[in-house]
Amino acid sequence: MRLVLVLLAALLLAPAPAHAQRGGSRNPKELIKQAERLYDQKKYLEAAALLEKASESLDDSRIIYNIARAYDQAGRETEAISYYEKYLTDGENAQLRKRSRSAIDRLRLQKEKEQKAAAASEAERKRLRAEAEAAQRRAEAERVAARRADEANQQRLKVAREETQVSRKRMQVTAFALGGVALAGVGMGTFFGLQAHGSRTQFGAARELDAKLAARDATRSNALIADIGFGVGVVGAVAAILLYPREPVAKPGKARLTSAPQGTGAGVEVSF
């Protein structure tokens, strides 16, 4: 590229009518020199812009080739191919035409590879996005399922607590009833125990056989009933003590979502 620019600059220094300006406010030779400096500094796009301005004033196909080279070095394949093709149409130098054809083939193959790479990248991006969306949908479905499971669990806990409260009240009523039976049994035992004591006193004080027999029978009957009453009282008291619920009804458990190891699932944990 530098060689072509040097040759072109040397050509411009020659006073020939073929290189006369067709118009423009800037000297095309100066533009070419500036473009050469920019090209050496690897500022290829700036060099191409100056060469394009110079081509407006000079009718030389080598400028077209140099513009193509500048765009080629800048990585602008489309513009480079366009100027290489233009040189194939207007250029006369066989070596530069050969280079132009080779550059066009190279750039087209490069563009094809880049397009395939871009298509593959886009396909991969779409695949990753689809996977991310699917994962998001699965996560949302899991959250909904966990929320529903939590609600169902809370409902079961509520029902269980209500059933426990009903059962506790039933046991309390039964325990109170047995306590009443126990008190009644003790009262009956005490009453008939006193009656038996009185009958025994009468038995000791009686002087006639019939009176003694009657006092004896009364003592036995009252003592038996007293024993039965005390027995009922003891059994009722023990049963009341055993049946009366000592622990209060537990408060509703608090459920929270838990994850299984390595994300293999989810569950509901209830703490009390």
Mind checking the [atom1]-[atom2] spacing from [X] to [Y]? Nearest 0.5 Å is all I need.
{"X": "S100", "Y": "I81", "atom1": "OG", "atom2": "CD1", "answer": "11.5 Å"}
{"X": "S167", "Y": "Q172", "atom1": "OG", "atom2": "CD", "answer": "10.0 Å"}
{"X": "I64", "Y": "D59", "atom1": "CD1", "atom2": "CG", "answer": "9.0 Å"}
{"X": "K29", "Y": "L58", "atom1": "NZ", "atom2": "CG", "answer": "9.5 Å"}
{"X": "L107", "Y": "S82", "atom1": "CG", "atom2": "OG", "answer": "11.5 Å"}
{"X": "F230", "Y": "T190", "atom1": "CZ", "atom2": "OG1", "answer": "4.0 Å"}

Is there a side-chain contact between [X] and [Y], using heavy atoms and a 4.5 Å cut-off?
{"X": "Y71", "Y": "E52", "answer": "yes"}
{"X": "D227", "Y": "F192", "answer": "no"}
{"X": "N153", "Y": "L157", "answer": "yes"}
{"X": "Y65", "Y": "R99", "answer": "yes"}
{"X": "D72", "Y": "Y84", "answer": "yes"}
{"X": "M171", "Y": "T174", "answer": "no"}

With clusters defined by side-chain heavy atoms of hydrophobic residues (ILVMFWY) lying less than 4.5 Å apart, directly or transitively, does [Y] cluster with [X]?
{"X": "Y83", "Y": "L45", "result": "yes"}
{"X": "I225", "Y": "L194", "result": "no"}
{"X": "L224", "Y": "V232", "result": "yes"}
{"X": "I228", "Y": "V181", "result": "yes"}
{"X": "F176", "Y": "L242", "result": "no"}

Donor-acceptor under 3.5 Å (S102 side chain, K98 main chain):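 No: the side chain of S102 does not pair with the backbone of K98.
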For A146, is there any backbone N or O sitting under 3.5 Å from a side-chain donor or acceptor partner on D150?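 Flag not set: sc D150 to bb A146 has no pair under 3.5 Å.
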In sequence, state the C-alpha distance, the side-chain angles, and the governing distance for L51 and L31, and then conclude on side-chain contact (heavy atoms from CB on, under 4.5 Å). CA-CA 7 Å; L51 289 173; L31 291 174; over 6 Å; no
(message) Run the side chain to side chain donor-acceptor pair (under 3.5 Å) test on Y87 and N93 for me, step by step, so that the C-alpha distance in whole Å, both residues' side-chain angles and the decisive distance to 0.1 Å come before the verdict.
(response) CA-CA 9 Å; Y87 184 80; N93 187 290; 4.8 Å; no
For [X] and [Y], which heavy atoms make the closest approach, and how far apart are they?
{"X": "A54", "Y": "P28", "value": "CB-O, 4.1 Å"}
{"X": "A240", "Y": "G179", "value": "CB-N, 3.7 Å"}
{"X": "A182", "Y": "G236", "value": "CB-C, 3.7 Å"}
{"X": "S199", "Y": "A218", "value": "OG-CB, 3.5 Å"}

Given I32, which partner from the list I63, D60, N27, L50 fulfils the side-chain contact (heavy atoms from CB on, under 4.5 Å) test?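 Answer to the side-chain contact (heavy atoms from CB on, under 4.5 Å) test with I32 among I63, D60, N27, L50: I63.
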Over 12 foreign heavy atoms within 6.0 Å of [atom1], [X]:
{"X": "R216", "atom1": "CZ", "value": "yes"}
{"X": "Q41", "atom1": "CD", "value": "yes"}
{"X": "E208", "atom1": "CD", "value": "no"}
{"X": "K212", "atom1": "NZ", "value": "yes"}

Basic-acidic side-chain contact under 4.0 Å: [X], [Y]:
{"X": "K111", "Y": "E114", "value": "no"}
{"X": "E112", "Y": "K116", "value": "yes"}
{"X": "E140", "Y": "R143", "value": "yes"}
{"X": "E124", "Y": "R127", "value": "yes"}
{"X": "R76", "Y": "E79", "value": "yes"}
{"X": "E30", "Y": "R37", "value": "yes"}

Passes salt bridge (charged side-chain N to carboxylate O under 4.0 Å, His left out), R125 versus E122? Steps please. CA-CA 5 Å; R125 187 183 65 81; E122 178 65 17; 2.3 Å; yes
ask   = Is there a donor in the side chain of D90 and an acceptor in the side chain of S61, or the other way round, less than 3.5 Å apart?
value =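 Note: D90 and S61 side chains miss the donor-acceptor criterion.
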Worksheet item: Do Y39 and Q34 have a side chain donor and acceptor closer than 3.5 Å?
Response: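 Absent: no donor and acceptor within the cut-off.
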E85 and salt bridge (charged side-chain N to carboxylate O under 4.0 Å, His left out): which single residue from R97, R108, R101 fits?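 With E85 as partner, R97, R108, R101 yield a single salt bridge (charged side-chain N to carboxylate O under 4.0 Å, His left out), made by R108.
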